[in-house]
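The next block holds one structure in the form of structure tokens; read it before the comments.
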Amino acid sequence: MSSINMAWFDEMESRIPRGGVRTRFAPSPTGYMHVGNLRTALYTYLIARKYGGKFILRIEDTDQERYIDGAIDVIYKTMKKCGLAHDEGPDIGGPVGPYTQTQRRDFYLKYAELLIEKGGAYRCFCGRDDADDEDPSDEKAIKKYDGRCSRLSEREIEEKLKSGAPYVIRQKIPEGKTTFSDMVFGEITVENDTLDDNVLIKSDGLPTYNFANVIDDHLMGITHVVRGSEYLSSTPKYNLLYKAFGWDVPNYIHCPPVMRDAHNKMSKRHGDPSYEDLLLLGYLSDAIVNYVALLGWSPGGEREIFTLPELVDVFDIGGISKSPAIFDIAKLNYFNSEYIRAMSLDDFHRLALPYIKSSVKKCTDTMAIAEILHQRCEKLTDIPDKLDFFDRLPEYDKSLYINKKSKTDESVSLKMLESALPVLEDIDDWTHEGVHNALFSLVEKLEVKNATLLWPIRIAVSGKAVTPGGAVEICHILGKEETISRIKSGIKKLNSATH
RNA sequence: GGCGCGUUGGUCAAGAGGCUAAGACACCGCCCUUUCACGGCGGUAACACGGGUUCGAUUCCCGUACGCGUCACCA
């Protein structure tokens, strides 16, 4: 029975890198990146970089049911776009490959058998879920496996095996209590009798997630296990596994969840945006990463804006919070506008161009448009609506001409437009400066507030109360002909409306 | 139900026995301004509750409440 080939295990062990931090991000290929996942990946990356260690990408694709075509590509693309470059992974290899779980399936059974030898596991021949109470309505039922197969004699096992009875391999939970230490939650102790003899190897010979994880983390030399706090409860079982093998236990860093509201995690099901969705919604990757870093972690000071390298610098495991954080899109908006404003005009122009073009076809000076947009844009997808008046003057109500602060009403506005018309017609040099000078000298001549003249002009040329840029910018971009035509129609509108 | 974890303003959060309990977002007001935005100034708003320990608790301990997680041959 002891057909265990120790040489093979020695070989596996000898591949494990020693000394130095190694972290891993181990997503399942589901086709998109949750915000919570992204944050876990980010923290995992930051810890590796912070301590000059290695950041490893491992694909946990053992669930064939949920396999989605192209999902692995999404992971690569997302990581790359976020700047979370891995040092080892399925695509680039490394010393402890393969890095895809389906390609490691042989390892797990061997280690499970080793564990049986070591007394940390046993074969269980009980059928699948032959629990007494299969009534699901009995919500509070505690169905704990009673561990009867762990008491089988050598001979009984022999016989069952010979008869070809199907079996699973279960973890043998010893008596006593288990204490483990988490870098976020501190020391946690549980009584072992609250732990179940979990299945390690399923009857089909494939490992359960819990087992595969421990084996892989060990064989890959992972020193810091970063994962969601939903694993806190099962960590004692992992610890017992490490102990049964005689392996060093890694450092644990359990992260609280990212919530959509006080009660629910962010989820695709509830329509919450994934990382990809946020991109589509017009958010910048850097802004998303920065914001997400601050959900459940605080650098302690007052600063909030950090680039990725800066995050590496200031990141501190002690700053990770124990309680969940609610994702607040309004705050993301703020980060996004900060990032947009911090960009150079050229960069912004390049980024905004498709959005500008989707709404403005007639004006060609996209740079001038980008310029008025630049400092007042929360997200890229807001752009088309802000610019829709350029191609076509919208229907508008003449009441827009009334503005207290500018001291305008309909009749004042009419006067302003009538005086502006010949001045505008007279401009040969239709540049921003040319329009500006002409209009401001008219202001002086009329002895009115700037706004008294400029408000009605802006309304006439845009038809909107709120526009990016002021009257001068809009007139300039619109061009002479279009500007004059819109002023004329404004005059007409006001004339027909006199009471 | 057992076990585990959590609880500072609407949200993110600092704080770590003695503070007028930071800061940011959002909101409101004022200023600036050619609208909005930006910027500047100011404002509303919080330690879940009850017991201890202590000269003194947001901070330490114990309960209670509420919430979350977990108890799969899913990851």
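Lettering of chains follows the sequences in order, A, B, ..., and the numbering in each one begins at 1.
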I'd like the C1' distance from G50(B) over to G23(B), given in whole Å. 32 Å
Strand contacts (RNA chain B) in residues 439-453 of chain A, 4.0 angstrom heavy-atom criterion: F440(A), N450(A), A451(A)
Categorize F335(A) for me: base, sugar-phosphate, or nothing, with a 4.0 angstrom heavy-atom threshold over every strand shown. nothing
Applying side chain to side chain donor-acceptor pair (under 3.5 Å), name anything that partners Y43(A), two or more places apart in sequence or on another chain. none
Choosing from A75(B), G4(B), U34(B), which nucleotide comes nearest the side chain of A471(A)? U34(B)
Which of the following nucleotides, C25(B), U35(B), G69(B), is nearest to the side chain of S233(A)? G69(B)
Duplex segments of RNA chain B, taken as runs of at least three Watson-Crick or G-U pairs that stay under 3.5 Å: B:1-7 with B:65-71, B:10-12 with B:23-25, B:27-31 with B:39-43, B:48-52 with B:60-64
Distance check needed: C73(B) P versus Y122(A) OH, whole Å only. 12 Å
Report the nucleotide, chosen from C25(B), G4(B), C73(B), that has the shortest atom-to-atom distance to any side-chain atom of V190(A). G4(B)
Let me know the distance between CZ of R227(A) and C1' of G69(B), rounded to the nearest Å. 14 Å
Can you check the distance between C27(B) and U34(B), where both ends of the measurement are the C1' atom (answer in whole Å)? 27 Å
How would you list, by chain and number, every residue that makes a salt bridge (charged side-chain N to carboxylate O under 4.0 Å, His left out) with D272(A), sequence neighbours excluded? R260(A)
Go through the structure and list residues passing salt bridge (charged side-chain N to carboxylate O under 4.0 Å, His left out) with K265(A), not counting sequence neighbours. E230(A)
Nearest to the side chain of L232(A), heavy atoms from C-beta on, is which of U35(B), C5(B), C68(B)? C5(B)
Listed once per pair and sorted, the ring pair (Phe, Tyr, Trp, His ring centres under 6.0 Å) pairs that draw on residues 434-480 of chain A, sequence neighbours left out: H436(A)-F440(A)
Considering residues at least two apart in sequence or located in another chain, which fulfil the side chain to side chain donor-acceptor pair (under 3.5 Å) criterion with N336(A)? none
Distance check, P atoms only: C66(B) and C28(B), in whole angstrom units. 36 Å
Which residues pass the side chain to side chain donor-acceptor pair (under 3.5 Å) test with S203(A), not counting sequence neighbours? none
Letter by letter from the 5' end, nucleotides 6-23 of chain B scores (B base, S sugar-phosphate only, - none; protein heavy atoms under 4.0 Å) SS---SSSS-------SB
With sequence neighbours excluded, what pairs up with N251(A) under the side-chain contact (heavy atoms from CB on, under 4.5 Å) test? M183(A), H224(A)
Looking at residues at least two apart in the chain, or sitting in another chain, which of them share a side chain to side chain donor-acceptor pair (under 3.5 Å) with D216(A)? Q101(A), R104(A), Y108(A)
Take atom CG of D193(A) and atom C1' of C3(B), then tell me their distance rounded to the nearest Å. 10 Å
Picking from C68(B), U35(B), C73(B), which would you name as closest to the side chain of T467(A)? U35(B)
Students often get this wrong, so: under 4.0 angstrom with heavy atoms, is H263(A) touching a base, only sugar-phosphate, or nothing? sugar-phosphate
Sort and list the pairs that fulfil side chain to side chain donor-acceptor pair (under 3.5 Å) and have at least one residue in residues 181-192 of chain A, not counting sequence neighbours. T178(A)-N192(A), T179(A)-T189(A), D182(A)-H254(A)
